[in-house]
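Some notes on the structure that comes next.
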Amino acid sequence: GKTLAAEMRVEPTEDGIYEVQLIASGSDLTYPVTIDPLTAAQWSFEPSSDSFSLNAGNSVAGCNVNGDAYGDLIVGVPGARRDSGEVRIFLGSASGLSNTPAVVLRGFQTGGRFGFTVACGGDLNGDGREDVLVGAPYYDENWNIAVDTLANNADRDEGAVFIYYG
């Protein structure tokens, strides 16, 4: 029942992998000590839209896409734009995550559900920044963009993965 000064940090290790550190301090402690730093959200994202079923946050990932040593947040919104989908990238800084996405990646195929999955792919091209992987499970290879429909009765929903370099 005693409140301690505590904080949570995400720090890169020497191998480039991020680890979560819980740091607490106090005196006259009785062990075991229970640390619960997640009692209230420090940041949230809720898209403002009249649309239903945007599925914002269906998939989220943490990366350092701009190489500045601060963690960035990748948020999939596969239901945006008539299920074409979006991915919103919020940059981190010394003061925390931005409330406004720095980048919005947009799917171009109605129903493709771009952003259904997102992941940090590491530094795939060796430029010192982590890269973003985006899944679109209902993407169709033979989509006719001009008329927004499937061409030549081709197979449907092959799916795709897109890579965006940080």
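In this chain, numbering begins with 1 at the start of the sequence shown. Computed from a predicted structure; not experimentally measured. Just the heavy atoms: all of them, side chains too, but no hydrogens, waters or symmetry mates, feed the values below.
When hydrophobic clusters are built by joining Ile, Leu, Val, Met, Phe, Trp and Tyr residues whose side-chain heavy atoms come closer than 4.5 Å, directly or via intermediates, Leu91 is grouped together with Val118. When the side chains of ILVMFWY residues are joined at heavy-atom separations under 4.5 Å, either directly or via intervening members, Leu73 and Tyr70 end up in two distinct hydrophobic clusters. Cluster annotation: Val77 and Val60 are assigned to the same hydrophobic cluster (Ile/Leu/Val/Met/Phe/Trp/Tyr, side-chain heavy-atom contacts under 4.5 Å, transitive).
Taking both residues in full, the closest heavy atoms of Gly115 and Pro78 are given as O-CD, 3.8 Å, listed atom of the first, atom of the second, then distance.
By the side-chain contact (heavy atoms from CB on, under 4.5 Å) test, Val103 is found to be paired with Ile89, Leu105, residues two or more places apart in sequence or in another chain being considered. Scored by the side-chain contact (heavy atoms from CB on, under 4.5 Å) test, Ala160 finds Tyr139, Phe162 as partners (sequence neighbours excluded). Asp68 pairs by the salt bridge (charged side-chain N to carboxylate O under 4.0 Å, His left out) definition with nothing, not counting sequence neighbours. By the side-chain contact (heavy atoms from CB on, under 4.5 Å) test, Ser84 is found to be paired with Arg81, Thr110, residues two or more places apart in sequence or in another chain being considered.
In summary, the side chains of Arg113 and Asn55 do present a donor paired with an acceptor at a separation below 3.5 Å, with no hydrogens or angles considered. No side-chain N or O of Thr100 forms a donor-acceptor pair with one of Ser98 less than 3.5 Å apart.
A heavy-atom distance below 4.5 Å is not found between the side chains of Asp123 and Arg129. Two residues are said to be in side-chain contact when any heavy atoms from C-beta on lie closer than 4.5 Å; Val87 and Phe114 meet this criterion. The shortest distance between side-chain heavy atoms of Tyr138 and Asp140 does not fall below 4.5 Å.
Summarising the geometry, atom CG belonging to Asp72 is positioned 7.5 Å from atom CG belonging to Leu97; distances are rounded to the nearest 0.5 Å.
Applying the salt bridge (Lys or Arg N to Asp or Glu O under 4.0 Å) rule to pairs touching residues 93-111 yields Glu86-Arg106, sequence neighbours excluded.
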Checklist entry - So Asn58 and Val75, side-chain contact (heavy atoms from CB on, under 4.5 Å) or not? Walk me through it. => result CA-CA 8 Å; Asn58 182 78; Val75 178; over 6 Å; no

Would you list the atom pairs, donor with acceptor, under 3.5 Å between side chains in residues 130-137 and any protein atom, with sequence neighbours excluded?
{"unit_1": "Glu130", "atom_1": "OE1", "unit_2": "Asn64", "atom_2": "N", "d": "2.5"}
{"unit_1": "Asp131", "atom_1": "OD1", "unit_2": "Gly166", "atom_2": "N", "d": "2.7"}
{"unit_1": "Asp131", "atom_1": "OD2", "unit_2": "Leu124", "atom_2": "N", "d": "2.6"}

